[in-house]
There are 2 protein chains.
Amino acid sequence: MLAIAEVGHVGRATQRVHISQPALSQQLCKLERELGVALFTRHHRGVSPTEAGLVMLDHARKILDQVEEARQAIESLNEAKTS
Amino acid sequence: MLAIAEVGHVGRATQRVHISQPALSQQLCKLERELGVALFTRHHRGVSPTEAGLVMLDHARKILDQVEEARQAIESLNEAKTS
DNA sequence: TCAGCTTACGTTCTGCGTAAACATT
DNA sequence: AATGTTTACGCAGAACGTAAGCTGA
């Protein structure tokens, strides 16, 4: 969700996530409410990350990497079983 | 979700997660369908993790730790701002 | 006026809880 | 019979998409 907004535009990010732009905006707003901090500053030419947004981006990448790692771990374990 | 089932019983885990036992069972089944692998073997005295369950457990802990780390990072960043 | 984010609103889907069923000893 | 997991089912809340609104250059 946030990781996608790293493209610089909320609207531009939609083609990566395959959801509509308002929905993505809602997700972002919800996350910001949840964290109690603004992740991006809105301006007329897309958005740019705040300080908090930057640290969050870093953590988000790590989390997603970890998830992907887990997914691949069970995947390769699956193949070993079926072979 | 999975991390809670590390208590050994699906039913016993409910008091940690504060959701009903059927709901937790559903989550577990859904995750197993999603991964295409059984995470636990069911027997008459609770459940015990399969091989896949064990590796998943390991990854799940890392992921949750990472999430917690992120949450605390923005938290401390918030406090710095307000002070 | 234009580009891009946000709000409104109705619909669809997901997740939970209660209740009932199934399985194993 | 008893313990523990799963299925059925109805409902509340969340998420999405379409459409309309808002804002700054």
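What you see is a predicted model, and the numbers here were worked out from it, not measured in a lab. Just so we're on the same page: letters track the sequence lines, and every chain starts at 1.
Checking C:dG17, C:dA3, C:dC5 against every side-chain atom of A:Arg45, the shortest atom distance belongs to C:dA3. Taking every side-chain heavy atom of B:Lys30 into account, C:dG15 is the closest of D:dG17, C:dG15, D:dT5. In the set D:dG17, D:dC9, D:dT5, the nucleotide with an atom closest to the side chain of B:Gln26 is D:dC9. When the nucleotides C:dG17, C:dC5, D:dT5 are ranked by their closest atom to the side chain of A:His9, C:dC5 comes out on top. Here the side chain of A:Pro22 is nearest to one of C:dC5, D:dT18, D:dT6, namely D:dT18. Candidate nucleotides D:dT6, D:dG17, C:dC16 were compared by shortest atom distance to the side chain of B:Ser25, and D:dT6 ranks first.
Pairing each heavy atom of A:Ala73 with each of B:Val55, the nearest pair is CB-CG2, 4.4 Å. The two residues B:Leu24 and B:Ala13 have their closest heavy-atom pair at CD2-CB, 3.8 Å. In terms of heavy-atom proximity, B:Leu35 sits nearest to B:Met56 at CD1-SD, 4.1 Å.
A:Gln27 comes within 4.0 angstrom of sugar-phosphate atoms only, judged by non-hydrogen atoms across all strands, and of no base. Using a 4.0 Å heavy-atom distance criterion, B:His43 is classed as making no nucleic acid contact.
In this structure, A:Leu24 places its CG atom 14 Å from P of C:dT7, rounding to the nearest Å. Note: CD (B:Glu32) to C1' (D:dT5) measures 12 Å, nearest angstrom. Rounded to whole Å, the distance from CD1 on B:Ile19 to P on D:dT6 is 13 Å. Put simply, NE2 on B:His18 is 16 Å from C1' on C:dG17, counting in whole angstrom units. Atom pair B:Gln21:CD and C:dA21:C1' shows a separation of 13 Å (rounding to whole Å applied). Atom CZ of B:Phe40 and atom P of D:dT6 are 11 Å apart (whole Å). Per the geometry, CZ belonging to B:Arg42 stands 9 Å off C1' belonging to D:dT6, to the nearest Å.
Remark: A:Arg12 is in phosphate contact with C:dG4, judged by side-chain N or O atoms under 4.0 Å from OP1 or OP2. Residue A:His44 places at least one side-chain N or O closer than 4.0 Å to OP1 or OP2 of D:dA25.
A:Gln66 places no side-chain N or O within 3.5 Å of a backbone atom of B:Asp65 that could act as its donor or acceptor partner.
Atom NZ of A:Lys62 is separated from atom CD of B:Glu69 by 5.5 Å, given to the nearest 0.5 angstrom.
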